[in-house]
Amino acid sequence: MDLVAAATVWTGVTMQFGIFSVSDITRDPVSGDTPSEAERIDAIIKIAQKTEEVGMDVFAIGEHHNPPFFSSSPTTLLAAIAATTKRLIVTTSTTLITTNDPVRIAEEYAMLQHVAKGRMDLMVGRGNTAPVYPWFGADIRQGLPMALENYNLLHRLWREDVVDWEGRFRSALQGFTSTPRPLDDVPPFVWHGSIRTPEIAEQAAFYGNGFFANHIFWPTEHSLRLINFYRKRFEHYGHGTQKQAIVGLGGQAYIAKKSQDAYKEFRPYFDVAPVYGHGPSLEDFSQMTPLTVGSPQEMIDKTLTFHDTFGDYQRQLFLMDHAGLPLKTVLNQLDLLGEEVIPALRKELESRKDPESAETPTHESLVKAKYGDRPARQPRPNANRGDNVTGGSPYQDSEDTAVSYPELV
């Protein structure tokens, strides 16, 4: 395993704010309209572009393979978004580490990293749609060991030019090289997303990766237990102190200039939403969970309670486009976020920041950590031998590696 023996030093940005979407296509209970897949895909690109326009840092999209969701191919969508933005970081929320082949994840997200010129990272998780497992030939009863094994392989594929590997859940690899190699030979930063599984927090800590707590439906105390566990294990594995662990949080909100208007406007969407409608009242749900409904100041105050609970953390993503909210409403929400909420949060959280806490890793900071002032590696392949393999030394600057290939009989 490729572990960092000493403390990991990140020199990125202090705090990232952004938007994430689960890519749902939901009937608007006010107008009665259900958008088409084409309309929602067009809308999500506009939402991502607006995220950058209003001064936020990150846009994330989930992965689903069933109606009423549209994001079955996050890399294609994120590449389109990266091509139409200038500084926005694109990422996932989450990539299914269980039902995706880790070889394809390595290839597709390394390609996205090149296309986005480093403005990307990756969140991996198991997802929450049980039927997806048999659709892709997997057994949900093996979901956790599959998640652990698949990421272990992905980690190696991005760090070793030639990989020999054998595991339980996919065919063995012999002399395999994942192409393209990561940009500047520096793998994308990885977040492990989980809402309930300590083994995933343990894996994030083991590799010195980030841990993302969805922090939407569960009380804050639930997220705190997992995050505290991750921080302790991060320190245990020698990546730094608990304060230097890399933590991200989700959140959701509906804001309006006046609090009573926010409740009035959001209530019809909340009351029939598939994920939380027909349950606790909007007022009770707002009290029991991280959901914020109210004025910009109320959203500022509620978000700052996250810092009160968790201490310094590195990424805050908000869910704003769900439950059938029309595009115009979502874009207006983003305007309020960018104009009144995010600037105040940046200022207040910067004033609270502990000098010991980590900054958010970026591609630039990871390149700096690996190379210092030296030029970054740019892998150049050896010539093809005519059989579509390049032997044990696939790149001009790599050392000879003894590999064996299966014989055809």
Side-chain angles (χ1 to χ4, degrees), residues 14-22 29-30 47 50-51 53-60 213-224 227 247-273 275-277 279-353:
T14 301
M15 177 74 163
Q16 293 174 343
F17 291 94
I19 298 298
F20 76 105
S21 173
V22 296
V30 176
I47 289 168
K50 187 73 168 182
T51 300
E53 179 186 320
V54 301
M56 287 187 278
D57 311 295
V58 182
F59 177 80
N214 188 279
H215 197 50
I216 288 184
F217 302 118
W218 299 84
T220 295
E221 294 75 18
H222 174 85
S223 298
L224 181 62
I227 288 173
V247 172
L249 294 177
Q252 57 180 330
Y254 189 94
I255 51 177
K257 288 286 189 179
K258 297 180 180 179
S259 181
Q260 57 268 37
D261 290 339
Y263 276 90
K264 179 181 178 181
E265 294 167 12
F266 188 54
R267 192 179 305 278
Y269 296 92
F270 176 89
D271 286 347
V272 298
V275 290
Y276 42 50
S281 70
L282 177 56
E283 287 78 7
D284 288 344
F285 199 86
S286 299
Q287 288 294 320
M288 294 186 297
T289 74
L291 172 65
T292 302
V293 179
S295 67
Q297 187 58 53
E298 286 174 308
M299 184 172 179
I300 293 166
D301 294 340
K302 180 80 171 269
T303 305
L304 289 176
T305 67
F306 301 169
H307 184 273
D308 295 337
T309 301
F310 301 105
D312 288 341
Y313 61 107
Q314 286 67 37
R315 176 174 285 182
Q316 175 68 61
L317 301 182
F318 296 109
L319 177 63
M320 307 293 288
D321 74 324
H322 59 126
L325 290 168
L327 175 60
K328 182 178 178 180
T329 300
V330 176
L331 297 181
N332 289 340
Q333 295 275 298
L334 298 187
D335 278 329
L336 285 172
L337 269 178
E339 292 168 6
E340 302 192 35
V341 176
I342 301 303
L345 287 175
R346 288 193 195 279
K347 182 177 180 180
E348 179 61 27
L349 291 172
E350 183 63 28
S351 72
R352 296 182 178 197
K353 186 174 183 292

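Only a predicted model underlies this, so the values are computations on that prediction, with no experimental measurement involved.
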Legend entry - Pairs satisfying salt bridge (Lys or Arg N to Asp or Glu O under 4.0 Å), at least one member in residues 280-294, at least two apart: R267-E283
Legend entry - salt bridge (Lys or Arg N to Asp or Glu O under 4.0 Å) partners of E348, counting only residues at least two apart: R352
Inset, instruction - Going by the side chain to side chain donor-acceptor pair (under 3.5 Å) test, name the single residue among K264, Q297, E298 that passes it with S259. - result: E298
Inset, instruction - Applying side-chain contact (heavy atoms from CB on, under 4.5 Å), run through T220 and F310 and close with a yes or a no. - result: CA-CA 9 Å; T220 295; F310 301 105; 3.7 Å; yes
Inset, instruction - With the side chain counted from C-beta on, respond yes when M15 and E350 share a heavy-atom pair under 4.5 Å apart, and no when they do not. - result: no
Legend entry - Closest approach of M320 to I19 (non-hydrogen atoms, all atoms of both residues): CG-CD1, 3.6 Å
Legend entry - Heavy-atom side-chain proximity of L282 to F266 below 4.5 angstrom: yes
Inset, instruction - Measure the spacing between OG1 of T292 and CG of D301 and express it to the nearest 0.5 Å. - result: 9.5 Å
Legend entry - Side chain T303, main chain M299, donor-acceptor under 3.5 Å: yes
Legend entry - Any residue meeting side-chain contact (heavy atoms from CB on, under 4.5 Å) with Q260, in chain and number order, not counting sequence neighbours: K258
Inset, instruction - Sequence neighbours left out, what passes side-chain contact (heavy atoms from CB on, under 4.5 Å) with K257? Give chain and number order. - result: L336, E340
Inset, instruction - Measure up the F306 and H215 rings against each other and bin them: parallel (under 30°), tilted (30 to 60°), perpendicular (over 60°). - result: perpendicular
Legend entry - Partner residues of Q252 under the side-chain contact (heavy atoms from CB on, under 4.5 Å) criterion, sequence neighbours left out: I216, F217, Y276, F285, L291, L319, H322
Legend entry - Partners meeting salt bridge (Lys or Arg N to Asp or Glu O under 4.0 Å) with E265 (sequence neighbours left out): none
Legend entry - Any side-chain heavy-atom pair of I255 and V341 under 4.5 Å: yes
Legend entry - Interatomic distance, D271 atom CG to S281 atom OG [nearest 0.5 angstrom]: 9.0 Å
Inset, instruction - For P280 and F270, work out which heavy atoms get closest and say how close. - result: O-CE2, 3.4 Å
Legend entry - Set of salt bridge (Lys or Arg N to Asp or Glu O under 4.0 Å) partners for D335, sequence neighbours left out: K50
Inset, instruction - List for me each residue that meets side-chain contact (heavy atoms from CB on, under 4.5 Å) alongside P268, sequence neighbours excluded, and say none if there are none. - result: V30
Inset, instruction - Would you confirm whether D57, through its side chain, and G18, through its main-chain N or O, come within 3.5 Å as a donor-acceptor pair? - result: no
Legend entry - Set of side-chain hydrogen bond (donor to acceptor under 3.5 Å, both in side chains) partners for K302, sequence neighbours left out: none
Legend entry - Heavy-atom closest pair, residues A323 and Y269: O-CD2, 3.3 Å
Legend entry - Where at least one partner belongs to residues 310-332, residue pairs that pass salt bridge (Lys or Arg N to Asp or Glu O under 4.0 Å), sequence neighbours excluded: R40-D321, D121-R315
Inset, instruction - Output the distance between atom CD (Q16) and atom CG (L317), rounded to the nearest 0.5 Å. - result: 8.5 Å
Legend entry - Smallest separation among heavy atoms of Y313 and V247, with atom names: CB-O, 3.6 Å
Inset, instruction - Answer yes or no: is there a side-chain heavy-atom contact under 4.5 Å between I47 and F59? - result: yes
Inset, instruction - With side-chain contact (heavy atoms from CB on, under 4.5 Å) as the test, would you mind laying out the steps for F17 and V58 before giving the verdict? - result: CA-CA 6 Å; F17 291 94; V58 182; over 6 Å; no
Legend entry - Partner residues of T51 under the side-chain hydrogen bond (donor to acceptor under 3.5 Å, both in side chains) criterion, sequence neighbours left out: none
Inset, instruction - Could you give me the CA-CA distance, side-chain angles and deciding distance for M56 and L334, then say whether side-chain contact (heavy atoms from CB on, under 4.5 Å) is met? - result: CA-CA 9 Å; M56 287 187 278; L334 298 187; 4.1 Å; yes
Legend entry - ring pair (Phe, Tyr, Trp, His ring centres under 6.0 Å) partners of residues 325-350, not counting sequence neighbours, each pair once: none
Inset, instruction - Could you grab the distance from atom OH of Y254 to atom CD of Q333, nearest 0.5 Å is fine? - result: 5.0 Å
